[in-house]
Amino acid sequence: MIRDPETFNILRDTVRRFVRERLIPAENDVAANDEIPHEIVHEMRAMGLFGLAIPAEYGGLGLTLEEEVLVAIEMCRASPAFRSIAGTNNGIGSQGIVIDGTDEQKQRYLPRLATGELIGSFALTEPGAGSDAASLTTSARRDGDHYVLNGAKRYITNAPEAGVFTVMARTDAKNKHAGGVSAFLVERDTPGLSVGRPDRKMGQRGAHTADVIFEDVRVPAANLIGGKEGAGFKTAMKVLDKARLNIAAVCVGAAQRMLDDSLQYAVNRSQFQKPIAEFQLVQAMLADCKTDIFAAQSMTLEAARMRDEGASVTLEASCCKYFASEMCCRVADRAVQIHGGAGYMQEYAVERFYRDVRLFRIFEGTSQIQQLVIARSLIKQAQGH
Ligand code: COS
C-alpha cells in the first residue's frame with residue numbers, strides 16, 4: 001500500500017540520489033576498512049532510514065511494508081553493508097517490540113531505535129540451534145522481579161554495535177519445544193553480558209556479526225516482551241515473516257545493481273570487433289537476469305501489499321525469500337560470467353557482490369527452511385487446518 005504517492009516518491013528519489021552520490025562511491029572504502037564511515041551513518045540517521053518501519057507515534061517514518069520494500073530495493077543497489085547497519089532497527093531488532101511489546105516497552109525503546117541513537121539486534125541463533133531454532137538452550141530463570149539469563153548466541157548481526165538485544169531464552173526448562181521460549185529486551189551494559197570479537201566472514205565487510213554471551217545476566221521482568229512467558233518463539237517467527245520479505249527486497253536491489261553493472265560492461269567491452277552485448281549468448285544471460293529480477297520484485301511487492309491489508313503472509317514471505325535469494329545468486333553468477341576475467345578481480349563491484357549475496361540463501365532461514373515452511377503450510381491447508 002502506498003499511502004501518499006507524492007510524499008513517498010520524494011523519499012524514494014532522495015534515497016536513490018543518496019545511494020548514487022554517497023553510498024556507491026564509498027563502497028570500496030567500506031570493504032577495505034570493514035566499517036561504514038560515521039558521516040554516512042549520521043546522514044542515514046538524519047534521513048530517517050533507521051526508523052522506516054517504526055510507527056510515527058514513536059518517531060519513525062511508519063512506512064507500510066510495500067513502501068519499506070521499495071526503499072530497501074533502492075538502498076541495496078549499493079553494498080548490502082549500508083542497509084545492514086539500519087536493517088536490524090527497521091527489522092528484527094525492533095519488530096518484536098512493535099508487534100508484541102507492551103506500551104511501556106514501546107515508549108522506552110522505539111523512539112531511540114527510530115533515530116538510530118540505539119542499535120537493535122536479534123539474538124535467536126545459538127551454537128547448537130540454527131535451523132532448529134526452537135531447540136535453543138539459553139535459559140531464563142525467574143528470580144523475584146528479575147530473570148537470570150545464561151547461555152550463548154552466535155552470528156548475531158550488529159552485536160558489536162548494539163545497545164539493546166531481543167533475546168530468545170527458555171523460561172520453562174521442562175518444555176524443550178517452542179512453547180518453553182520467551183523473548184526479552186536486554187540492554188548492552190547489563191552486567192554479565194559480553195560480545196565476542198567480530199566474526200571473519202566470506203563477504204559483507206562493513207556489516208558485523210559476533211557471539212553474545214550471557215553469564216548470570218539479570219534482566220527486569222518488565223523487559224519480558226509482551227509480559228507473557230512462552231510467547232517468545234511465536235514473536236520471533238512473526239518478526240521473521242516480515243524480515244524475510246525485507247530480505248527478498250534486498251535481493252532484488254542487489255541483483256538489479258549487478259545487472260546494471262553487467263549491462264554497462266557488456267556495451268563497453270568489445271571482442272571480435274564488436275561490443276559483447278551484441279552476442280546472443282551474452283544477451284541470453286542479460287535477459288535471464290532481468291526476467292529473474294522482475295519475477296522476484298513482483299512477488300515481493302504483492303506479498304507486501306497482502307500483509308499491509310492484514311493478511312498472514314508466512315507462506316508468501318517464505319516463497320519470496322526463497323525465490324529472491326536463489327535468484328540473486330544466479331544473477332551474481334551470470335554477472336561475474338559476463339564480466340569474464342574482470343569479474344574475478346576486486347576492481348569490479350561484481351566480485352564483491354558475488355561474495356556478499358551468498359549470505360542471502362542462508363540467513364533469516366536457509367532456502368531449505370523456506371521450502372519446509374511453504375510445504376508445511378500447503379499440507380496444513382490441504383488437511384483443512
Ligand atoms: N507466525 C506465528 N506463529 C508461528 C509462525 C509464524 N510465522 N511459525 C510458527 N509459529 C508457531 C506455530 O504455530 C507453533 O505454535 P503452536 O505450538 O501453538 O501450534 C509454534 O510457533 C511452533 O512452530 P513449529 O511447530 O512450526 O516449530 P518448529 O520447531 O517445527 O520449527 C521452523 C519451525 C523450522 C520454521 C523454525 O524453527 C524456523 O524458522 N527456523 C529457521 C530459523 C531462522 O530463520 N533463523 C535465522 C536466524 S534469525 S535472523
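Here the structure is a predicted model, which means the values were calculated and not measured.
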**Prompt:** Hey, mind stepping through Arg257 and Asp261 against salt bridge (Lys or Arg N to Asp or Glu O under 4.0 Å) and telling me if it holds?
**Reply:** CA-CA 6 Å; Arg257 163 66 183 283; Asp261 282 12; 3.2 Å; yes
Heavy atoms of Pro160 and His208 approach each other most closely as CG-CB, 3.8 Å
To the nearest 0.5 Å, atom CZ of Arg108 lies from atom CG of Asp103 at 15.0 Å
Short side-chain donor-acceptor distance under 3.5 Å, Ser194 and Glu215: no
Inspect the surroundings of OH in Tyr155 and state if more than 12 heavy atoms from other residues, nucleotides or ligands are less than 6.0 Å away. no
The residue among Met75, Met44, Arg20 that forms side chain to side chain contact (heavy atoms under 4.5 Å, CB included) with Val15 is Met75
Notebook entry, point to check: Does atom CZ of Phe18 have more than 12 heavy-atom neighbours, drawn from other residues, nucleotides or ligands, at distances under 6.0 Å?
Noted result: yes
Item to complete: Would you check if Arg358 and Arg355 make a side-chain contact, meaning some heavy-atom pair closer than 4.5 Å?
Response: no
Next item on the list: Report, as yes or no, whether the 6.0 Å neighbourhood of atom CD on Glu104 holds more than 12 heavy atoms from other residues, nucleotides or ligands.
Entry: no
Assess the residue pair Ile2 and Glu67 against the criterion (side-chain contact (heavy atoms from CB on, under 4.5 Å)); give the C-alpha distance rounded to whole Å, side-chain angles, the decisive distance to 0.1 Å, and a yes or no.
CA-CA 6 Å; Ile2 311 265; Glu67 292 167 343; 4.1 Å; yes
Taking the six-membered ring of Phe279 as reference, does the NZ or CZ atom of Lys274 fall below 6.0 Å from its centre and within a 45° cone about the axis? yes
Interatomic distance, CG@Asn223 vs OG1@Thr166, rounded to 0.5 Å, equals 10.0 Å
task = State, without any angle test, whether Ser367 and Glu326 hold a side-chain donor-acceptor pair at a distance under 3.5 Å.
result = yes
Discussion item. Check for me, please, whether Ile374 and Leu245 land in the same ILVMFWY cluster - side-chain distances under 4.5 Å, paths through other members count.
Written reply: no
Check: Does Gln283 CD have over 12 foreign heavy atoms under 6.0 Å away?
Finding: yes
Applying a strict under-4.5 Å side-chain criterion to I, L, V, M, F, W and Y, I'd like to know whether Phe353 and Val250 cluster together. yes
Checklist entry - Any luck finding a side-chain donor-acceptor pair between Thr314 and Asp241 under 3.5 Å? => result yes
Value for CD1 (Ile85) from CD1 (Ile36), rounded to nearest 0.5 Å, stands at 5.5 Å
Does the side chain of Asp260 pick up a donor-acceptor pair with the side chain of Gln264 at under 3.5 Å? no
Between Phe214 and the options Val148, Leu149, Asn150, the side chain to side chain contact (heavy atoms under 4.5 Å, CB included) test singles out Leu149
Linking I/L/V/M/F/W/Y whenever their side-chain heavy atoms sit closer than 4.5 Å, directly or via other members, would Ile225 and Met237 fall into one cluster?
-> no
Per salt bridge (charged side-chain N to carboxylate O under 4.0 Å, His left out), Glu66 is matched among Arg12, Arg3, Arg307, Arg305 by Arg305
In this structure, CD of Gln297 is separated from CD of Glu302 (nearest 0.5 Å) by 13.0 Å
Carefully, step by step, assess Ile73 and Gln256 under the rule side-chain contact (heavy atoms from CB on, under 4.5 Å).
CA-CA 9 Å; Ile73 292 174; Gln256 188 59 51; 5.8 Å; no
List the steps and the verdict of side-chain contact (heavy atoms from CB on, under 4.5 Å) for Val164 and Arg112. CA-CA 10 Å; Val164 62; Arg112 284 178 297 149; over 6 Å; no
inquiry  = Check for me whether Arg330 meets the cation-pi criterion with Phe323, that is, NZ or CZ under 6.0 Å from the six-membered ring centre and within 45 degrees of the ring axis.
reply    = yes
Interatomic distance, CG@Leu315 vs CD@Gln370, rounded to 0.5 Å, equals 10.5 Å
Audit row: Val41, Phe50, side-chain contact (heavy atoms from CB on, under 4.5 Å) steps and yes/no
CA-CA 10 Å; Val41 174; Phe50 284 80; 4.1 Å; yes
TODO: Please work out which of the three classes, parallel, tilted or perpendicular, describes the rings of His339 and Tyr265, given edges at 30° and 60°.
DONE: parallel
Salt bridge check, Glu126 against Arg154: does any charged N sit closer than 4.0 Å to a carboxylate O? no
Give the cluster check for Ile276 versus Val331: same hydrophobic cluster or not, with ILVMFWY residues linked at side-chain heavy-atom distances below 4.5 Å. yes
Taken to the nearest 0.5 Å, the spacing of Ile362 CD1 from Met202 CE works out to 7.0 Å
Hey, does Glu117 have a side-chain heavy atom less than 4.5 Å from the side chain of Arg45?
-> yes
| Can a salt bridge be assigned to the pair Lys321 and Glu364 using a cut-off of 4.0 Å between side-chain N and carboxylate O? | no
Tested for side chain to side chain donor-acceptor pair (under 3.5 Å) against Asp100, the lone hit among Gln105, Lys238, Gln95 is Lys238
